[in-house]
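As structure tokens, the structure follows; a few thoughts come after it.
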Amino acid sequence: MAEKMAANLDYANQKVETVIDTTKKLRIGIIGCGWIAEAHMDSYLRMPDVEIVAGADIVPGKAEAFFKRFGLEGIKTDYASHKEMLDDESLALDAVSICTYNRQHAGPAIYALQKGINVMLEKPFTVTLDEAIEVMKAEKESGKILSIGFQPRLDPNMQMIKKIVDSGELGQIYYIQTGGGRRRGIPTPFGTSFIEDKTAGLGALADIGCYSLDMVLNAIGYPKPLTVTGYKSDFFGKNPTTYDGHPEYAELFGVDDFAAAFVRLEGGIILDFRIAWAMNIDTPGDTIILGTKGGLRIPSTDCWNGSVGGAMKIYKTIGGINYETEVPIINDGGPSLFDRKIRSFLDAIKTGGKAPVPSSQIVYNQAILDGIARSSKLGREIELEIPTV
């Protein structure tokens with residue numbers, strides 16, 4: 001066991017030198033110039049084979065101010081909508097990053113794909129499953145790359161979780177507990193787009209819950225979700241005392257600040273899930289993956305920041321003796337996760353490769369989020385029907 005883990009760790013710490021061809025620069029546009037767009041811009045500016053050529057935002061003047069903050073002049077921003085920008089054939093766009101609020105993910109993604117433009121779509125995929133299916137239809141018809149913004153997948157510690165499962169050391173997986181969140185962390189410092197139903201649609205579920213689901217679902221090969229019993233609440237979001245100096249935010253709050261679910265997956269696997277922007281405890285528990293040969297504990301983080309909260313442990317019983325194997329934190333000294341996300345997207349465009357985080361997987365993630373919201377409203381378990389695209 002120890003030797004096998006050491007071999008896995010050596011593999012995880014290998015560095016692969018990437019040679020970037022700068023003779024062909026990819027022309028990039030940004031749709032939605034708010035907070036998360038800053039992270040996209042930071043990464044694109046570190047890529048030597050990228051040329052930022054345009055940006056659009058529904059707020060007049062916001063895109064222009066955004067690019068000026070980064071010292072970029074001459075960027076075309078005089079568009080009233082994403083459609084105007086995507087219709088501008090003079091841009092010769094290779095790809096766009098869609099960094100809008102949740103309820104505006106589907107429309108720009110579909111239109112860009114219909115225009116033959118590759119898409120990096122920020123998480124969550126969409127708000128509803130129906131929207132996700134429509135985006136996938138446009139993707140299939142276009143033949144272009146659609147990658148969803150789940151950069152934690154590129155963390156070597158996250159990748160180690162999948163390697164452990166794939167190694168067979170845990171045996172047949174039958175139960176997973178996952179989730180996490182924040183004791184206090186409703187994201188209003190970035191305005192109200194995260195908390196209003198008309199812009200966000202979903203709250204903690206979409207903001208950080210989708211990451212937690214991807215961590216475990218990717219590790220076990222993304223089995224199809226079959227049924228969901230979901231719950232969500234908004235006790236903290238609707239409490240004026242939650243917001244120092246902004247009690248009016250409570251009146252605007254229209255999403256979930258806590259959610260939980262019991263999900264049945266193909267293969268007889270049970271997923272026990274909970275996520276929070278605010279709760280009266282430090283964590284709802286570590287992530288655990290139970291198999292017939294062993295179990296894996298993944299320590300929770302303070303706010304679900306896209307990585308693991310400490311060294312993981314594998315639990316096994318051999319010859320009647322209980323053993324625990326610690327899996328040390330991996331730090332490969334490589335680029336930031338956001339840079340890896342953007343780089344993998346650009347490489348897929350250049351090589352004609354596959355989407356780094358494919359919609360064919362994330363549609364199952366979206367089906368669970370959508371199912372939790374619908375089940376909570378109905379107050380009962382629901383079956384998930386996921387159309388084939």
Side-chain angles (χ1 to χ4, degrees), residues 8 12-13 35-36 38-40 42-43 97-99 102 105 120-125 146-166 176-182 185 187 194 202 204-222 259 271 273-277 283-289 296-312 327-348 354-366 368-369:
N8 281 338
N13 281 299
W35 170 70
I36 196 60
E38 295 181 3
H40 284 249
D42 280 336
S43 287
S97 270
I98 297 178
C99 304
N102 299 346
H105 279 193
M120 165 56 71
L121 178 59
E122 254 308 322
K123 61 80 185 169
F125 191 167
L146 167 68
S147 191
I148 318 299
F150 283 78
Q151 66 272 8
R153 269 206 199 184
L154 302 173
D155 180 347
N157 297 285
M158 292 293 185
Q159 294 171 346
M160 179 55 70
I161 298 171
K162 182 167 179 56
K163 289 174 185 174
I164 291 170
V165 173
D166 288 347
I176 297 173
Q177 171 186 295
T178 195
R182 308 161 185 162
F194 276 90
L202 297 170
L205 266 175
D207 181 32
I208 52 179
C210 65
Y211 279 148
S212 180
L213 288 173
D214 188 64
M215 173 175 69
V216 294
L217 292 174
N218 184 53
I220 63 174
Y222 255 102
L271 174 61
F273 167 77
R274 71 294 305 267
I275 201 74
W277 272 345
T283 174
D286 293 341
T287 290
I288 60 174
I289 300 177
L296 176 66
R297 180 182 297 277
I298 307 162
S300 63
T301 63
D302 290 337
C303 67
W304 223 103
N305 60 7
S307 187
V308 300
M312 297 182 284
V327 184
I329 291 290
I330 304 168
N331 183 0
D332 64 4
S336 71
L337 296 185
F338 231 95
D339 282 2
R340 297 180 199 213
K341 172 170 79 174
I342 296 299
R343 185 69 254 164
S344 63
F345 173 59
L346 298 174
D347 288 344
K354 296 181 179 179
V357 183
S359 62
S360 58
Q361 293 180 344
I362 305 305
V363 69
Y364 289 169
N365 189 305
Q366 192 63 49
I368 293 173
L369 298 180

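We number each residue from 1, following the sequence as shown.
- Under a 4.0 Å N-O distance rule, the pair Arg340/Asp347 does not qualify as a salt bridge.
- At least one side-chain heavy atom of Met312 sits less than 4.5 Å from a side-chain heavy atom of Met160.
- Side-chain atoms of His105 never come within 3.5 Å of backbone atoms of Leu121 as a donor-acceptor pair (strictly under, hydrogens ignored).
- Exactly one residue among Thr178, Asn365, Thr287 makes a side chain to side chain donor-acceptor pair (under 3.5 Å) with Ser212. That residue is Thr178.
- A distance-only check finds a donor-acceptor pair linking the side chain of Ser147 to the backbone of Val357 [under 3.5 Å].
- The cationic atom of Lys123 (NZ for Lys, CZ for Arg) lies less than 6.0 Å from the six-membered ring centre of Tyr211 and within 45° of the ring axis.
- A salt bridge does not link Arg182 to Asp302: none of the charged side-chain nitrogens sits closer than 4.0 Å to a carboxylate oxygen.
- Enclosure of atom CZ in Arg297 is not indicated, since only 12 or fewer non-hydrogen atoms of other residues, nucleotides or ligands lie within 6.0 angstrom.
- We find the CD1-CD1 distance between Ile362 and Ile148 to be 6.5 Å, quoted to the nearest 0.5 Å.
- For the pair Asp207/Asn102, no side-chain contact is recorded, criterion being any heavy-atom separation below 4.5 Å from C-beta on.
- The pair Asp166-Lys162 counts as a salt bridge, with a side-chain nitrogen and a carboxylate oxygen less than 4.0 angstrom apart.
- Side-chain contact between Phe150 and Cys210 is present, with at least one heavy-atom pair separated by less than 4.5 Å.
- When side chains are defined from C-beta on, Met120 does not count as touching Ile98, because their heavy atoms never get closer than 4.5 Å.
- Between Ile161 and Leu296, the closest side-chain pair of non-hydrogen atoms falls below 4.5 Å.
- Note: Trp277 and Phe194 have perpendicular aromatic rings, judged against thresholds of 30 and 60 degrees for the angle between ring planes.
- The side-chain contact (heavy atoms from CB on, under 4.5 Å) test with Ile330 singles out one residue from Val308, Asp155, Asn157, and that residue is Asn157.
- You'll find the side chain of Leu271 reaches within 4.5 Å of the side chain of Val216, heavy atoms only.
- Atoms CZ and NE2, from Phe338 and His40 in turn, are 4.0 Å apart once rounded to the nearest 0.5 Å.
- At least one side-chain heavy atom of Asp214 sits less than 4.5 Å from a side-chain heavy atom of Tyr222.
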